[in-house]
Amino acid sequence: MRLATWNVNSLKARMPRVEEWLAYARPDVLCLQETKLADAAFPQLAFSALGYEAVHHGDGRWNGVAILSRVGVEDVVAGFADGIEADTDTRLVTARCGGVSVTSVYVPNGRSLDSDHYRYKLAWLAKLRRHLDAVAAPDTPVAVCGDFNIAPEDRDVWDPAAFVGSTHVSAPERRALAELESWGLQDAFRGRYPDAEELYTYWDYRAGDFHQHRGMRIDLLLLSAPLAGRVRWALVDRNARKGKQPSDHAPVFVDLEP
DNA sequence: ATGGTAGAGCATCTA
């Protein structure tokens, strides 16, 4: 099974690139973030023509998440599970695909350490852990994939010194991510390549950051133990960050042994 | 020097 995640930064703007990538990478499951679409505008038919069922959770200008699957889509939960205070944004969607509980997440950015948005980010991550308790069990196949807006370690940013005092690297954010992992999830890419350096998934559009290799590894596939033990390889497709009208994020995928 | 670019939509907001 090939399981992928990609923050597309507007599905409307990115549709040609997404269709091209689906045809060439042929993931079984693709989690999308930042579709920036309302549900009614989601191009369900275009994905159906490529063999993908899809579920989308979005309300318009900002955020918006989806799961595309060619191994089925069942038990859909849009947003947080019942019993958890509803999100005002559309930042997560969960479905069962080919026997795997898949959640596509777009974790809040946080903006700055003194911002209400930063406190919202930390609270949101705590709710995500409670959501997992409600929808899945860690001894079953679970994948939580998406843009976490957190670089797990200093080596996951191009220059740790440039990020001192910023979001994405702060201790509380990293603790919140570790709390999520302690539920029973492993960072598939880091697990497969424990020593890999300078392999980023996001590069700011500004100042030629991509071409200067100034990136961050913030797009993650977190897998429960039954899946983490099956990772054959993991890949960041940097080619998808090149060329005409790229997203500022590259797709990341893992291949799981049968 | 708080810059730079891209995408939302049409004045700014978000990243």
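- Taking atom P in both B:dA8 and B:dT2, one finds a spacing of 28 Å when rounded to whole Å.
- B:dA1 and B:dT12 have their P atoms separated by 26 Å, with the value rounded to a whole Å.
- Each of A:L11 and A:A207 was assigned the nucleotide of DNA chain B with the nearest heavy atom; the assignment lying further toward the 5' end belongs to A:A207.
- Between A:R241 and A:D248 there is no salt bridge, since no side-chain N of the basic residue sits under 4.0 Å from a carboxylate O of the acidic one.
- A salt bridge is defined here as a Lys NZ or Arg NE, NH1 or NH2 lying under 4.0 Å from an Asp or Glu carboxylate O, and A:E153 with A:R190 meets this definition.
- One interatomic measurement links the two molecules: CH2 of A:W203 to C1' of B:dG4, which rounds to 18 Å at whole-angstrom precision.
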Check: What string of B, S and - do you get for nucleotides 10-15 of chain B, 5' to 3', when a contact is any protein heavy atom under 4.0 Å?
Finding: -B-BSB
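- Taking the P atom of each, B:dG4 and B:dC10 are spaced 24 Å apart, rounded to whole Å.
- Residue A:F210 contributes atom CZ, which lies 16 Å from atom C1' of B:dA6 at whole-angstrom precision.
- Between the side chains of A:H117 and A:T167, no donor-acceptor pair is found at a separation under 3.5 Å.
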Check: Going through the distances and angles, do A:W6 and A:W21 end up as a ring-ring contact (aromatic ring centres under 6.0 Å, His included)?
Finding: CA-CA 11 Å; A:W6 195 4; A:W21 194 77; 5.6 Å; yes
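- On the C1' atoms, B:dG9 is 16 Å away from B:dA15, given to the nearest whole Å.
- Atoms CZ (A:R17) and P (B:dG7) sit 11 Å apart, rounded to a whole Å.
- Straight-line distance from the NZ atom of A:K12 to the C1' atom of B:dA6: 15 Å, rounded to whole Å.
- In summary, A:D28 and A:R2 do not engage in a salt bridge, as defined by a charged side-chain N under 4.0 Å from a carboxylate O.
- With 3.5 Å as the limit, one finds no donor-acceptor pair spanning the side chains of A:T90 and A:Y106.
- For the pair A:D114 and A:R119, the salt-bridge criterion is not met [side-chain N within less than 4.0 Å of a carboxylate O].
- Residue A:R14 is in sugar-phosphate contact alone, with no base atom involved, counting any heavy-atom pair closer than 4.0 Å across all strands shown.
- Atoms NE2 (A:H211) and P (B:dA6) sit 10 Å apart, rounded to a whole Å.
- Take the nearest nucleotide of DNA chain B for A:T35 and for A:G208: the residue whose nucleotide is more 5' is A:G208.
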